[in-house]
Amino acid sequence: MPAPFVPPRPVRIVGVGSCLGAPIFGPAAGPRALRDYGIEPRLNQRGIRARWQTLLEPSAPKPPHPPMHERLGTVSHLLHDLADITAAISAEEAIPLVLGGDHVIGAGTWRGVARHLAPRGKLGLIWVDAHLDAHTPQTTHSGNIHGMPLAALLGIGDETLTGLPGPHLDPAHVVIVGARSWEPEEPKLLEKLGVKIFYMPEVRARGLAAVMCDAMTIARDGTAGFGVSVDLDSMDSAKLPATTCLEPDGIDPQELVDTLHGLRSCADFVALEIVEYVPERDRCNSGAQWVVELAAAALGPTTSQLRYREDTFGARNYAPLPVVFSRGEGPWLWDVEGRRYLDMMSAYSAVSFGHSHPRLVRALTEQAGRLALTSRAYSNDRLPLMLERLSALLGYDQALPVNTGVEAVETAIKAARKWAHTIKGVPEGQAEIIVCAGNFHGRTTTVVGFSSEAQYRAGFGPFAPGFKTIPFGDADALETAIGPNTAAFLFEPIQGEGGINIPPAGWLTRCAEICRTRNVLLIADEVQTGLGRTGKLLAVDHEGIRPDGVILGKALGGGLLPISAFLADERLMQVFRPGDHGSTFGGNPLAAAVASEALALLADEKLAERAARLGALFLTRLQAIDNPLIREVRGRGLLIGMELDVTRVTARTAAEWLLARGLMTKDTHDSVLRFAPPLIIDEATLMKAAEVVGDALGDLARRTT
């Protein structure tokens with residue numbers, strides 16, 4: 001049963017278009033620009049109950065600046081209003097999302113939040129900034145008020161800033177992260193008060209995640225709640241130049257986004273502030289998008305909230321492992337709480353090129369901006385090029401593109417039957433296809449009809465006739481099963497879903513000889529094993545055979561969208577005429593563009609050869625693990641199965657054990673763990689994965705004795 005549903009707290013967005021304290025006027029336009037960019041609907045699309053509440057836009061002083069006391073008075077009025085607003089939002093049990101403007105607004109944001117929390121306790125604060133913001137009117141070098149808000153929150157400075165209603169913050173619960181530019185008076189004051197400062201060299205040395213973990217401990221220990229203020233000038237200005245002070249060598253914005261994901265599961269996280277966005281420096285809205293990403297990371301729904309929604313509104317035809325992913329890059333995935341995992345599944349080989357490979361993403365986005373779909377009622381300019389590349393790579397005359405793997409299997413079945421009836425002379429409606437026990441060719445009613453897995457069939461009949469099942473790896477059984485009406489032998493070179501079952505050496509060669517002698521089509525389902533997964537371009541290449549037809553899918557789409565194809569020579573493909581078979585989306589220009597780039601990438605990065613080398617190393621390491629839970633480790637290339645002793649532990653339990661250690665895999669038939677990482681994985685990461693597997697299963701073995 002799902003956990004009790006805890007709805008996400010509502011978010012109220014407050015824009016403060018002020019540059020009263022800044023050296024430039026650009027940040028004053030930031031909140032309005034973010035509103036017009038659509039930050040509210042964009043956050044709602046991420047499952048955040050966000051509503052734009054108000055936009056404060058005081059008049060900005062024009063050069064020459066008025067005297068300091070006049071500017072402080074103007075700022076004080078603004079901060080009083082802002083503090084009242086954030087206190088009221090907090091009182092409604094909502095989360096204020098305050099968008100600045102320059103960072104002086106922080107003196108108002110956090111006094112208001114602290115005022116609401118005061119009956120329950122203190123407010124902790126994490127201040128992510130390139131600067132220390134701890135000047136007073138007496139110590140400022142620049143005369144800019146945006147260098148004073150943190151000192152004011154601690155009760156130091158001019159009465160116009162420090163005298164706002166509400167408690168001052170306790171320095172013991174205030175943390176600065178990412179500082180790399182300051183005047184000497186500032187660290188002296190903060191260190192004297194007891195504020196913890198994580199300077200940028202330490203952030204780089206230890207990693208932002210580790211530093212933020214320490215910062216959260218300081219901000220949360222003994223407080224009633226904590227907030228986070230992010231000044232965008234804390235970011236690496238080369239990656240986020242849309243801010244006030246362009247300081248080099250800052251925090252990677254993606255790293256901060258990943259880290260802020262950890263906030264959404266903190267019940268004591270009470271407010272978020274993001275300041276100093278300068279739209280006039282923003283090219284193509286990339287800075288605005290980073291603001292959305294930062295806010296969504298911190299404020300988005302938790303794993304339990306999302307899984308509850310999936311269980312409630314989705315059909316229960318899957319039982320996913322207890323994790324919800326939000327981002328992927330290369331061989332890595334991040335969940336919605338910011339934890340990182342090594343992907344050892346590759347979406348059943350569909351992500352062979354890794355997550356979000358830049359070449360594939362570029363091919364997808366460029367083509368999506370030109371033409372995505374016309375249907376096959378017309379030709380498009382991308383499909384012919386993809387078909388030619390596919391044919392040249394695999395050495396077949398023609399390819400028929402569709403979408404999912406099972407569609408390509410159905411295409412092969414139709415081709416084989418029509419070939420038998422029109423070319424071989426089998427009476428109409430009597431063609432037979434031989435398949436193997438333990439197969440997995442897809443989920444359509446035709447395909448599950450010849451599955452040997454009881455659950456795949458239960459309740460879905462009646463099934464199409466015309467299929468005969470033989471044991472996998474038994475060539476004698478194939479020869480015996482062939483009759484005058486046999487059209488084809490449909491097989492997987494390695495049974496993936498069946499448990500990474502590898503046939504005996506020489507089996508494929510003998511099957512090919514039998515089919516050739518008996519005039520039976522040999523059709524290889526390489527949906528999961530094709531395109532380099534097993535260390536060869538095709539898994540059948542390990543025995544040097546050439547099937548009459550090959551079914552491809554999964555990796556062909558580059559992990560970005562479903563693309564599949566059935567390949568054969570004219571001898572077989574001649575059976576199709578216009579109207580015999582088709583697919584609205586099959587062969588669309590978007591899919592063709594991605595598939596073409598995926599095939600080029602496969603060759604350019606020599607991924608089949610890489611899979612052969614790394615797979616052999618990984619298999620050897622896994623086979624060397626001495627553990628009573630392991631019965632056998634088998635595989636080829638980067639497709640490896642670890643069979644467990646189910647009398648002691650199920651593979652599902654082992655998969656969850658590994659998931660808790662940041663390694664993703666999946667069980668099959670509750671007895672086998674499968675390992676199929678992206679082919680772009682590096683050796684060091686793969687060897688570390690073997691170490692994690694050994695340690696985790698060792699711990700599990702000790703707990704099950």
Side-chain angles (χ1 to χ4, degrees), residues 14 16 18 20-22 72 75-87 89-90 96 98 100-118 121-140 144-179 182-183 185-198 215-216 218-220 222-231 233-234 269-276:
V14 178
V16 188
S18 167
L20 293 169
L72 286 170
V75 166
S76 180
H77 288 297
L78 171 69
L79 298 185
H80 271 82
D81 291 342
L82 178 57
D84 289 344
I85 291 170
T86 58
I89 292 172
S90 299
V98 180
D102 66 71
H103 212 170
V104 72
I105 70 167
T109 297
W110 302 109
R111 289 293 288 279
V113 175
R115 187 197 315 170
H116 166 71
L117 279 184
K122 298 176 181 179
L123 169 70
L125 181 61
I126 300 175
W127 191 269
V128 184
D129 199 339
H131 308 95
L132 299 181
D133 288 345
H135 276 299
T136 68
Q138 290 72 41
T139 65
T140 178
N144 293 315
I145 305 173
H146 80 149
M148 305 178 187
L150 189 55
L153 285 169
L154 299 172
I156 308 297
D158 192 271
E159 172 67 18
T160 54
L161 297 182
T162 63
L164 302 176
H168 294 123
L169 303 191
D170 183 343
H173 301 295
V174 175
V175 190
I176 300 174
V177 174
W182 57 85
E183 275 85 40
E185 297 90 345
E186 295 178 285
K188 289 180 181 178
L189 171 64
L190 295 173
E191 290 167 9
K192 179 181 178 181
L193 293 172
V195 172
K196 176 63 178 177
I197 305 172
F198 292 102
M216 288 176 66
I218 295 169
R220 300 175 75 184
T223 60
F226 76 102
V228 175
S229 180
V230 177
D231 189 325
D233 66 20
S234 64
F269 173 57
V270 293
L272 176 66
E273 179 180 64
I274 304 174
V275 302
E276 304 213 1

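As a basis for the values below, the full set of heavy atoms in this structure was taken, side chains included, without hydrogen atoms, waters or symmetry mates.
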Checklist entry - Going through the distances and angles, do Leu153 and Trp127 end up as a side-chain contact (heavy atoms from CB on, under 4.5 Å)? => result CA-CA 11 Å; Leu153 285 169; Trp127 191 269; 3.8 Å; yes

Checklist entry - Where do Leu150 and Leu132 land on the side-chain contact (heavy atoms from CB on, under 4.5 Å) test, with the steps shown first? => result CA-CA 7 Å; Leu150 189 55; Leu132 299 181; 6.0 Å; no

Next on the checklist: Let's go through Arg111 and Leu79 carefully: what are the C-alpha distance in whole Å and the side-chain angles of both, what is the deciding distance for side-chain contact (heavy atoms from CB on, under 4.5 Å) to 0.1 Å, and is it a yes or a no?
Outcome noted: CA-CA 9 Å; Arg111 289 293 288 279; Leu79 298 185; over 6 Å; no

Next on the checklist: For a side-chain contact (heavy atoms from CB on, under 4.5 Å) check, start with the C-alpha distance between Glu186 and His131, then their side-chain angles and the critical distance, and finish with the verdict.
Outcome noted: CA-CA 9 Å; Glu186 295 178 285; His131 308 95; 5.5 Å; no

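Here the CZ atom belonging to Phe226 is positioned 11.5 Å from the CG atom belonging to Leu117, to the nearest 0.5 angstrom. The distance from atom OG of Ser229 to atom CG of Asp129, rounded to the nearest 0.5 Å, is 7.5 Å. The distance from atom CE of Met148 to atom OG1 of Thr140, rounded to the nearest 0.5 Å, is 4.5 Å. Once rounded to the nearest 0.5 Å, the distance linking CG of Asp81 with CD1 of Ile105 reads 13.0 Å. Of the inter-residue distances, the one linking Glu191 atom CD with Leu189 atom CG reads 9.5 Å to the nearest 0.5 angstrom. Rounded to the nearest 0.5 angstrom, His173 NE2 and Lys196 NZ are separated by 15.5 Å.
Ala87 and Arg115 make their closest contact through CB-NH1, 4.0 Å (heavy atoms, listed as atom of the first residue, atom of the second, distance). Summarising the geometry of Val113 relative to Ala271, their closest heavy-atom pair is CG2-CB, 4.0 Å, with the distance given to 0.1 Å. The shortest non-hydrogen separation linking Pro137 to Leu72 is CG-CD1, 4.1 Å. For Ile197 against Ala179, the heavy-atom pair with the smallest separation is CG2-CB, 4.3 Å. Ser76 and Leu164 make their closest contact through O-CD2, 4.1 Å (heavy atoms, listed as atom of the first residue, atom of the second, distance). Heavy-atom minimum distance, Ala107 versus Pro149: N-CB, 4.0 Å.
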Do any side-chain atoms of residues 155-162 form donor-acceptor pairs under 3.5 angstrom with protein atoms, and if so which ones, sequence neighbours left out?
residue : atom : partner : partner atom : Å
Asp158  : OD1  : Thr160  : N            : 2.9
Asp158  : OD1  : Thr160  : OG1          : 2.6
Thr162  : OG1  : Asp158  : O            : 3.2

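Judged purely by distance below 3.5 Å, without hydrogens or angles, the side chains of Glu185 and Thr139 never pair a donor atom with an acceptor atom.
Under the 4.5 Å side-chain criterion, counting only non-hydrogen atoms from C-beta, Ser234 is in contact with Val128. The closest side-chain heavy-atom distance from His168 to Leu154 is not below 4.5 Å. For the pair Val275/Val230, no side-chain contact is recorded, criterion being any heavy-atom separation below 4.5 Å from C-beta on. A 4.5 Å side-chain heavy-atom check between Leu169 and Lys122 finds every atom pair outside the cut-off. The shortest distance between side-chain heavy atoms of Leu123 and Trp110 falls below 4.5 Å. Looking at heavy atoms from C-beta onward, His103 lies in side-chain contact with Asp133 at the 4.5 angstrom threshold. In this structure, the side chains of Val195 and Val175 stay at 4.5 Å or more apart for every pair of heavy atoms.
With hydrogens and angles disregarded, a donor-acceptor distance shorter than 3.5 Å links the side chain of Ser90 to the backbone of Thr86.
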